[in-house]
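Note sheet for the following structure.
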Amino acid sequence: MSDTQTRDFIRQIIHDDLESGKHSEIVTRFPPEPNGYLHIGHVMSICLNFGVAAETGGRTFLRLDDTNPGRESEEYVDAIKRDVHWLGFDWEDRLTHASDYFEQLYDSACRLIEMGHAYVDSLSADQIREYRGTLTESGRNSPYRDRGVAENLDLFKRMRAGEFADGEHVLRAKIDMASPNMNLRDPALYRIRHIPHQNAGDEWCIYPMYDFAHGLSDAYEHITHSLCTLEFEDHRPLYDWFLDQLEPAHRPRQIEFSRLNLAYAVTSKRKLNALVEEGIVSGWDDPRMPTIAGMRRRGYPVAALREFVTRAGVTKKDKLIEMGVMENCVRETLGDEAERRMAVLKPLKVVLTNYPENKVEMVEAMNHPARPELGTRDMPFSRQLWIEQDDFMEDAPRKFFRLKPGGEVRLRFGYIIRCDEVIKNAAGDVVELRCSYDPDTRSGTGSSDRKVKGTIHWVSCEHAIDASVRLYDRLFTEANPNSVSDIHGVLYPQSLETVNAKLEPALQQLAAGQAVQFERLGYFCPDEKDDSVDARVINRIVTLRDSWAKLEKQAMQQQV
RNA sequence: UGGGGCGUAGCCAAGUGGUAAGGCAUCGGGUUUUGAUCCCGUGUAUCGCAGGUUCGAAUCCUGCCGCCCCAGCCA
């Protein structure tokens, strides 16, 4: 990053620390708890932590913050590693766990006891809550607060040895029960949990709390800048308190930034988990989920995600970013990269009455209008074609320049056709169009320059491939579902629509994870789990921008 | 009614005492065999409000208002 560019406030601090010589190398860490899948909010943190280190030639640790074995699991550890890698970041040999430091943490706790800064409390959880006071009233000292050093040390050792049941005792820091900052009212340091740990096995039955473990882990790893979200801001005095008391060789600095919230998406782990548990979505990687796994399966490119968090910025202001920003990032990267193909999502049959019965000709179609080097492909053209239902309207408004009775339209890369007859079923639905084509208008030939207002996409019936296409939309009707206590009331029932689509033959070769643009519709890619050569299952990543749909919507609103 | 943080256009966001960048959205227009892309143009922002300091304030001071976070043996 050049000096003339503006830096966010964290990069500014880091820049200053390098310039002043406070640090010669920047070391950061991304510290997820393995109790759920990573989501869009984590993308921000990952890009920030790995980004600032990479930009300054520093290093970043991927540290699994696994201090609460009751809700952590191997599955989440694996998913986290996969997701960070997929985003393009490499921790090399710096994959660590808070649990790697349990022994050192235990020693530090003993030292705190020896210094008279920690004690074993034997109050119950409920009693501790009572003694803590409220936001406006100070707390009271526990009757066990003045136990002697020897007794505390003995009890703590016996806690570790497994002599007590869960909840019988807890190790607490001795700070200030009258502090206006609740975090300083003798916070818990260790609790007893007789359950095995995903990484440490059953070596321990006492586990450190986040506040105690986090800052010290940062110190052990020589982290220079410990970046976290705003809700930890009033933990910083506690973070610093541990460093002040224990004086580790390296002193990290905690800096807080605001979380990134995406409109119409939840990032609360509890709510994400509920969506999965209750079967509202198919899993953590459901393409509608704002999880990294979900977005990957949906087909969002890494470059788009990284661009998105860059556009969101790093500040301390609460933010709720419009879905359109994300969609645009996806469109921009895919617009450049994705080859074009044709597919019909909601088919309507067109018969070209003046086209020979058994004739098939190949028309040449460009793979990318702005990148001729990507070449062309041949598409079969024949008497019976599928077109999009939305591309025909019986009583069309003046500005509708697609097919209408008596009207003309160009078939992309093919001929101009005219709609002569509309066939309906008994219910009055349009089931087929009889059209005639103009043989002089074949695309690319000398006489093909006759102009018509509209161009529509099509697929030859005889050659079409059937596919199940999943059309995704937002999961919620509420812009900020994070703020809603019961998400069930704000679920969007149409978040998934599956259609039986018709694909052009070249799509047979579409590989897993390969995104293409279906012309005039949007960007699509095969589903990484459900797609197969025999039964294609394709996800819609995002629609194309659609100014016609916008006009229609405005017209509707004006009528109301 | 304790403590901490934040308030610049619809959504993000620069700006750090010298007269409000940029992006996305919006709205016009042009090009176009994707109503896409691309290209042009488009914003009376009382810089949360009110006072004060100053030749000069989004930037400094005071008071107020609004929003977010904290009373887990969660992170």
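Everything quoted here is computed from the prediction, not taken from an experiment.
- If you check distances only, the side chain of A/S443 does reach the base of B/rU33 with a donor-acceptor pair under 3.5 Å.
- The CG atom of A/L238 sits 19 Å away from the P atom of B/rG3 (whole-angstrom rounding).
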With the sugar-phosphate defined as primed atoms, P, OP1 and OP2, and the base as all remaining atoms, what B/S/- string results for nucleotides 70-75 of chain B, 5' to 3', for protein heavy atoms under 4.0 Å? BBSBBB
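- With a 6.0 Å cutoff to the six-membered ring centre and a 45° limit on the axis angle, A/R140 counts as a cation-pi contact of A/Y131.
- Counting non-hydrogen atoms of neighbouring residues, nucleotides and ligands closer than 6.0 angstrom, the NZ atom of A/K346 reaches no more than 12 such neighbours.
- When rounded to the nearest whole Å, the span between CD1 of A/I255 and P of B/rG5 equals 15 Å.
- Cation-pi contact between A/R412 and A/W458: absent, since separation from the ring centre below 6.0 Å together with deviation from the ring axis within 45° is not met.
- For the pair A/R474 and A/Y264, the distance from NZ or CZ to the six-membered ring centre is under 6.0 Å and the angle to the ring normal is within 45 degrees.
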Any chance you could lay out the side-chain hydrogen bond (donor to acceptor under 3.5 Å, both in side chains) test for A/R147 and A/S122, step after step, and finish with the verdict? CA-CA 11 Å; A/R147 283 215 255 237; A/S122 306; 2.4 Å; yes
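- For the pair A/D440 CG and B/rU33 C1', the interatomic distance rounds to 17 Å; values are reported in whole Å.
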Reading 5' to 3' through nucleotides 8-15 of chain B, protein heavy-atom contacts under 4.0 Å coded B for base, S for sugar-phosphate only, - for none: S-BSSSS-
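- Across the strands present, B/rG7 finds its partner in B/rC65; the criterion is a Watson-Crick or G-U wobble pair with both atom distances under 3.5 angstrom.
- Geometrically, A/R160 engages A/Y106 in a cation-pi contact, judged by NZ or CZ lying under 6.0 Å from the ring centre and within 45° of the ring axis.
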Verdict with supporting geometry, A/D390 and A/R402, salt bridge (Lys or Arg N to Asp or Glu O under 4.0 Å): CA-CA 9 Å; A/D390 286 349; A/R402 277 116 94 156; 5.5 Å; no
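- Among the protein residues, A/K399 comes within range of the nucleic acid bases, having at least one heavy atom under 4.0 Å from a base atom.
- The separation between A/N261 atom CG and B/rC67 atom P is 17 Å, rounded to whole Å.
- Residues A/H368 and A/E332 both approach RNA chain B. Their nearest nucleotides, taken by heavy-atom distance, put A/E332 toward the 5′ side.
- Using atom P as the reference point in both B/rG10 and B/rG5, the two lie 28 Å apart (nearest Å).
- Counting non-hydrogen atoms under 4.0 angstrom, A/F413 reaches a base of the nucleic acid.
- In this structure, A/Y101 has its ring center closer than 6.0 angstrom to the ring center of A/Y220.
- Separating the C1' atom of B/rU26 from that of B/rG18 is a span of 33 Å, rounded to the nearest Å.
- Rounded to a whole angstrom, the distance from the C1' atom of B/rG56 to that of B/rG63 is 23 Å.
- Shown here are the side-chain hydrogen bond (donor to acceptor under 3.5 Å, both in side chains) partners of A/Q12, two or more places apart in sequence or in another chain: A/R7, A/D16.
- For B/rG72, the O4'-C1' to base torsion is within 90° of 0; the nucleotide is therefore syn.
- At a cut-off of 3.5 angstrom, counting only N and O atoms as typed in the model, there is no donor on one side facing an acceptor on the other between the side-chain of A/R236 and the base of B/rG4.
- Distance CE (A/M177) to C1' (B/rG3): 15 Å, rounded to an integer number of Å.
- Nearer the 5' end of RNA chain B, as judged by each residue's closest nucleotide, is the contact made by A/G324, out of A/L551 and A/G324.
- Note on A/R331: nothing from the nucleic acid sits closer than 4.0 angstrom, heavy atoms only.
- Taking atom C1' in both B/rA9 and B/rA45, one finds a spacing of 5 Å when rounded to whole Å.
- In this structure, of B/rU1, B/rA36, B/rG5, it is B/rG5 that holds the atom nearest to the side chain of A/L230.
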Given A/Y239 and A/Q254, is the side-chain hydrogen bond (donor to acceptor under 3.5 Å, both in side chains) satisfied, shown in steps? CA-CA 8 Å; A/Y239 183 98; A/Q254 174 178 303; 5.5 Å; no
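- Considering only side-chain atoms of A/R545, the nucleotide from B/rU37, B/rG35, B/rU33 that sits closest is B/rU37.
- Less than 4.0 Å separates RNA chain B from no heavy atom of any residue of residues 374-381 of chain A.
- Under the 6.0 Å cut-off for aromatic ring centres, A/F257 and A/F9 do not qualify, their centroids lying 6.0 Å or more apart.
- Spacing between atom CZ of A/F308 and atom C1' of B/rG23 amounts to 13 Å, rounded to whole angstrom units.
- Contact detail for A/D176 and A/A178: the closest heavy-atom pair is OD1-N, 2.8 Å.
- Between the base of B/rU34 and the side chain of A/R520 there is no donor-acceptor pair shorter than 3.5 Å.
- Nucleotides B/rA58 and B/rA21 have their C1' atoms positioned 14 Å apart, rounded to a whole Å.
- Partners of A/E337 by side-chain hydrogen bond (donor to acceptor under 3.5 Å, both in side chains), not counting sequence neighbours: none found.
- At whole-Å resolution of the value, CD1 in A/I13 and P in B/rU16 are 17 Å apart.
- In this structure, the ring of A/F156 has its center less than 6.0 angstrom from the ring center of A/Y190.
- Computed from coordinates, the A/N367 CG to B/rU37 P distance equals 20 Å when rounded to whole Å.
- The partner of B/rG2 is B/rC70, judged by Watson-Crick or G-U wobble contacts that both fall below 3.5 Å.
- Contact annotation: A/K451 reaches the phosphate of B/rU33 (side-chain N/O to OP1 or OP2, under 4.0 Å).
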When you compare the protein's N or O atoms with those of nucleotides 40-43 of chain B, which come within less than 3.5 Å of each other, and at what distance?
none

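- Checking B/rG17 for Watson-Crick or G-U wobble geometry (two distances, each under 3.5 Å) identifies no partner in any strand.
- Across the P atoms, B/rU59 and B/rA20 are found 14 Å apart, a figure rounded to whole Å.
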Chi angles and distances behind the side-chain hydrogen bond (donor to acceptor under 3.5 Å, both in side chains) call for A/R341, A/N367: CA-CA 7 Å; A/R341 294 290 184 271; A/N367 288 332; 3.1 Å; yes
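- Heavy atoms of A/Q517 sit under 4.0 angstrom from at least one base atom.
- Counting any heavy atom pair closer than 4.0 Å across all strands shown, A/F518 reaches no nucleic acid atom.
- B/rC47 and B/rA57 have their P atoms separated by 12 Å, given to the nearest Å.
- Close placement of the A/H197 and A/F102 rings is indicated, their centers lying within 6.0 Å of each other.
- The same atom, C1', is picked in B/rC6 and in B/rG51; the two are 22 Å apart, to the nearest Å.
- You'll find the ring centres of A/F30 and A/F61 outside the 6.0 Å limit.
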